[in-house]
Undergrad: 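This is the structure I want to talk about, given as structure tokens.
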Amino acid sequence: MTLSEELAWRGFVNQTTFPSPKALDGKPLTFYWGVDPSADSMTIGNLAAAMMVRHFIQHGHHAVLLVGGATGLIGDPDGKSEERELKPLDEIARNKAAITEQYRRIFAGQPFAVVDNYDWFKGLGYLEFLRTVGKHVPMRQMLGREFVQTRLSEEGAGISYAEFSYVLIQAYDFLHLFRDKAVTLQVCGADQWGNSIAGVELIRRMEEAEAHVWSAPLVVNKTTGKKFGKTEAGAVWLDEQKTSVYQFYQFWLNVDDESVVDFLKLYTLLDKAAIEQTLDTFHHDRGARLAQQVLAYEVTKLVHGTSKADAVRHATSVLFGKTEAGSLNNADATVLKAELPVVHAAAHDSLPALLVKAGLASSNTEANRFIADGAVVVNGHKVTAADSAVLQPGDNLIKRGKNSFAVIER
RNA sequence: GCAGGGAUGGUGGAGCGGUCAAACACGGCAGACUGUAAAUCUGUUGGCUUAUGCCUACGGGGGUUCGAAUCCCUCUCCCUGCACCA
């Protein structure tokens, strides 16, 4: 499969400046993709674009990965309804390091270069910037952008000169990389289209040369229609300190049937044959949720590594009873204890009190109600009386409802 | 500043002297059915080792009363008019 076919099949096609996607199938290009260090980790929203970048690399194109040390200092106003707080410098420095680290992990084994746009902005003076770049940017275009219009309108929140100018920095990045590394293509998410295209424009005016943009659609949950990547608890992060491996795995496992088809293509590196075979089996027995399991395992493996993916997969099967034995073996206990609330039971603790301690019930009354409802399962056995005698020495896996768990040590 | 209306549990919103831990709806949680899903049905939804009982709660404080979410005074905040300002 050629790259353009691959991207089309996987659903990575949105808008592009290329007259035909086939332009990607010719000789290798050098392209760049960037992430601003507005947080200390990427989210699964960024991951979609990263996956696309991997396909570019696999088809022989040369990747330049940018961390936005300079752009992060200002903050991208696009799509935001209000001015954002500036981030402290030390926070940006930390975030930059974290994101660079994630680049190295996600693209492990692939050829790529990492750059920081702060490196070329730090020595650039304001007057120099205005004379060389500012002179070539038409105001009409900058003012015409939709979010600028919204922000400046009667009800809008207004916009500062700094955020308004953000696009110039990103445009200059492209120009700089074009000159310095012969970058002729920027890939980005659909939300970055406006910023990216400004660079194409700048290169055309200043270098009289052609450069291009390839944007991927934003991933949307088809069932809810919402922008993807957020849960009730917040964003799904790639950093396991922010979203634990278990939560990460669970997130993918719970993807609905309609979305899982898209996500297998977007978020795994499995080839067409493998995905089609998986989906074929899946459609015969949706209840088995093979597609979700493959998705969850593959994505977790990619982001967190094989051993963690294996561990969390096995722990999940213990928790949800797919693996025999309600009681824990040592390996599972280690994984689960890192993930679940762990409570130490004293001799006089009653079962309801332990449920409260473990955060599985908010009061003794509620705990008793759960037991009466048959919602409490200890080591795979339903509990019928508020009696702590069901606990065995060592680790006990306790389950309340369908997916609230804790480990009780005795 | 004057006049009028309002503030109730996670949310909306009834209640207007005892029968109020507070209708009803939504949301939450649990059970059944399922696929750790959706839909549906059932239960539950202030706390207390479980009680025809006690405690805490209807914006804050004070009062009337045997008894107050309900009546009175006062404070705080919100809304609606009018005035002031322009």
Side-chain angles (χ1 to χ4, degrees), chain A residues 220-226 228 230-233 236 243-264 278-297 299-300 309 311-326 328 332 335-336 339-341 343 345-391 397-407:
Chain A
V220 172
N221 183 319
K222 275 186 183 166
T223 315
T224 62
K226 284 191 179 138
F228 185 59
K230 303 274 182 183
T231 66
E232 302 76 45
V236 178
T243 300
S244 72
V245 181
Y246 172 78
Q247 288 163 351
F248 189 82
Y249 183 84
Q250 286 287 318
F251 173 83
W252 297 104
L253 201 55
N254 286 314
V255 162
D256 63 82
D257 290 358
E258 197 175 351
S259 303
V260 75
V261 178
D262 294 344
F263 294 168
L264 274 175
T278 301
L279 289 178
D280 192 49
T281 313
F282 171 65
H283 286 306
H284 279 281
D285 181 11
R286 285 167 175 258
R289 298 193 308 144
L290 177 70
Q292 280 90 341
Q293 283 165 22
V294 170
L295 175 69
Y297 181 71
V299 183
T300 306
V312 77
R313 180 168 65 176
H314 189 254
T316 293
S317 73
V318 170
L319 244 33
F320 293 96
K322 302 279 158 46
T323 295
E324 218 24 65
L328 307 175
D332 295 329
V335 176
L336 294 177
E339 206 53 60
L340 306 174
V343 167
H348 61 274
D349 279 330
S350 69
L351 190 56
L354 289 168
L355 286 172
V356 173
K357 249 192 193 175
L360 295 181
S362 61
S363 68
N364 287 356
T365 303
E366 192 180 57
N368 281 304
R369 193 162 59 235
F370 284 138
I371 292 169
D373 284 348
V376 177
V377 174
V378 174
N379 297 329
H381 302 290
K382 191 172 278 193
V383 173
T384 47
D387 183 2
S388 60
V390 291
L391 297 179
L397 179 64
I398 190 161
K399 176 177 178 185
R400 186 222 78 206
K402 282 178 179 161
N403 40 31
S404 304
F405 300 90
V407 174

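Order of the sequence lines sets the chain letters (A, B, ...), proteins ahead of strands, with each chain counted from 1.
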Undergrad: Looking at U49(B), A30(B), U36(B), which one has an atom nearest to any side-chain atom of S350(A)?
TA: U49(B)

Undergrad: Can the ring centres of Y246(A) and F251(A) be said to be less than 6.0 Å apart?
TA: no

Undergrad: Roughly how many Å apart are C16(B) and A22(B), using the P atom of each and rounding to a whole number?
TA: 16 Å

Undergrad: Counting side-chain heavy atoms from C-beta on, which of A37(B), A30(B), G35(B) comes nearest to A375(A)?
TA: A30(B)

Undergrad: Between P on C29(B) and CZ on F370(A), what's the gap in Å once rounded to a whole number?
TA: 9 Å

Undergrad: Which value, in whole Å, describes the distance between the P atoms of nucleotides G28(B) and G62(B)?
TA: 39 Å

Undergrad: Using side chain to side chain contact (heavy atoms under 4.5 Å, CB included) as the criterion, list what pairs up with V383(A), not counting sequence neighbours.
TA: L351(A), I371(A), V376(A), V378(A), V390(A)

Undergrad: Is there a donor and acceptor pair closer than 3.5 Å between the side chain of N364(A) and the base of G47(B)?
TA: no

Undergrad: Taking only the side-chain nitrogens and oxygens of T365(A), find out if one of them lies under 4.0 Å from OP1 or OP2 of G47(B).
TA: no

Undergrad: Select from Q250(A) and G401(A) the residue whose nearest nucleotide in RNA chain B is closer to the 5' end of that strand.
TA: G401(A)

Undergrad: What's the gap between A14(B) and U64(B) when it is taken at their P atoms, as a whole Å value?
TA: 31 Å

Undergrad: Considering only the P atoms, how many Å lie between G61(B) and C54(B), rounded to the nearest integer?
TA: 23 Å

Undergrad: Within this structure, what is the CG-to-P distance between L319(A) and G35(B), rounded to whole angstrom?
TA: 19 Å

Undergrad: Nearest-Å distance, CZ (F320(A)) to P (U36(B))?
TA: 8 Å

Undergrad: Is there a donor and acceptor pair closer than 3.5 Å between the side chain of K399(A) and the base of U36(B)?
TA: no

Undergrad: Give me the distance, rounded to whole Å, that separates G59(B) from U52(B) when you measure between the C1' atoms they each carry.
TA: 34 Å

Undergrad: Which stems, defined as runs of 3 or more consecutive Watson-Crick or G-U wobble pairs with both pairing distances under 3.5 Å, involve RNA chain B?
TA: B:1-7 with B:76-82, B:10-12 with B:24-26, B:27-32 with B:40-45, B:46-48 with B:53-55, B:59-63 with B:71-75

Undergrad: Take the protein atom CZ of F282(A) and the nucleotide atom C1' of A37(B), then report the distance between them rounded to whole Å.
TA: 10 Å

Undergrad: Checking D349(A) side chain against L354(A) main chain: does a donor-acceptor pair fall under 3.5 Å?
TA: no

Undergrad: Rounded to the nearest Å, what distance is computed from the OH atom of residue Y249(A) to the P atom of nucleotide U36(B)?
TA: 13 Å

Undergrad: Expressed in whole Å, how much space separates the C1' atoms belonging to U8(B) and A25(B)?
TA: 16 Å

Undergrad: In whole angstrom, give me the gap between the P atoms of U44(B) and A23(B).
TA: 13 Å

Undergrad: Using only heavy-atom distances, decide whether a donor-acceptor pair under 3.5 angstrom links the side-chain of E366(A) to the base of U45(B).
TA: no

Undergrad: Pick the closest RNA chain B nucleotide for V356(A) and for R286(A) by heavy atoms, then say which residue is nearer the 5' end.
TA: R286(A)

Undergrad: Do the side chains of L264(A) and V294(A) get nearer than 4.5 Å, heavy atoms only?
TA: yes

Undergrad: A side-chain contact here means heavy atoms from C-beta on lying under 4.5 Å apart; do W252(A) and V260(A) qualify?
TA: no

Undergrad: For S363(A), which contact category applies under a 4.0 Å heavy-atom criterion: base, sugar-phosphate, or nothing?
TA: sugar-phosphate

Undergrad: Could you tell me how far apart N403(A) (CG) and U34(B) (P) are, to the nearest whole angstrom?
TA: 18 Å

Undergrad: Could you measure between the two P atoms, the one in U50(B) and the one in C33(B), and give it in whole Å?
TA: 33 Å

Undergrad: Side chain of R369(A), heavy atoms from C-beta onward: which of G35(B), A30(B), U45(B) has the nearest atom to it?
TA: U45(B)

Undergrad: Can you tell if the side chain of N254(A) reaches within under 4.5 Å of the side chain of R289(A), non-hydrogen atoms only?
TA: yes

Undergrad: Given 3.5 Å as the limit, does a donor-acceptor pair link the side chain of S259(A) with the main chain of V255(A), or not?
TA: no

Undergrad: For N364(A), does its backbone N or O pair with a side-chain atom of N368(A) as donor and acceptor, under 3.5 Å?
TA: yes

Undergrad: Quick one: which of U36(B), A30(B), U50(B) gets closest to the side chain of R400(A)?
TA: A30(B)

Undergrad: Could you check how far CG of D373(A) sits from P of U50(B), rounded to whole Å?
TA: 19 Å

Undergrad: Apply side-chain hydrogen bond (donor to acceptor under 3.5 Å, both in side chains) to D257(A) and list each qualifying residue two or more places apart in sequence or on a separate chain.
TA: R286(A), Q292(A)

Undergrad: If you only use heavy atoms from C-beta on, which nucleotide in A30(B), G47(B), U34(B) is closest to the side chain of S362(A)?
TA: G47(B)

Undergrad: So what does D285(A) hit on the nucleic acid, given a heavy-atom distance under 4.0 Å: a base, only sugar-phosphate, or nothing?
TA: nothing

Undergrad: For L354(A) and U49(B), what is the distance between atoms CG and P respectively, to the nearest whole Å?
TA: 14 Å

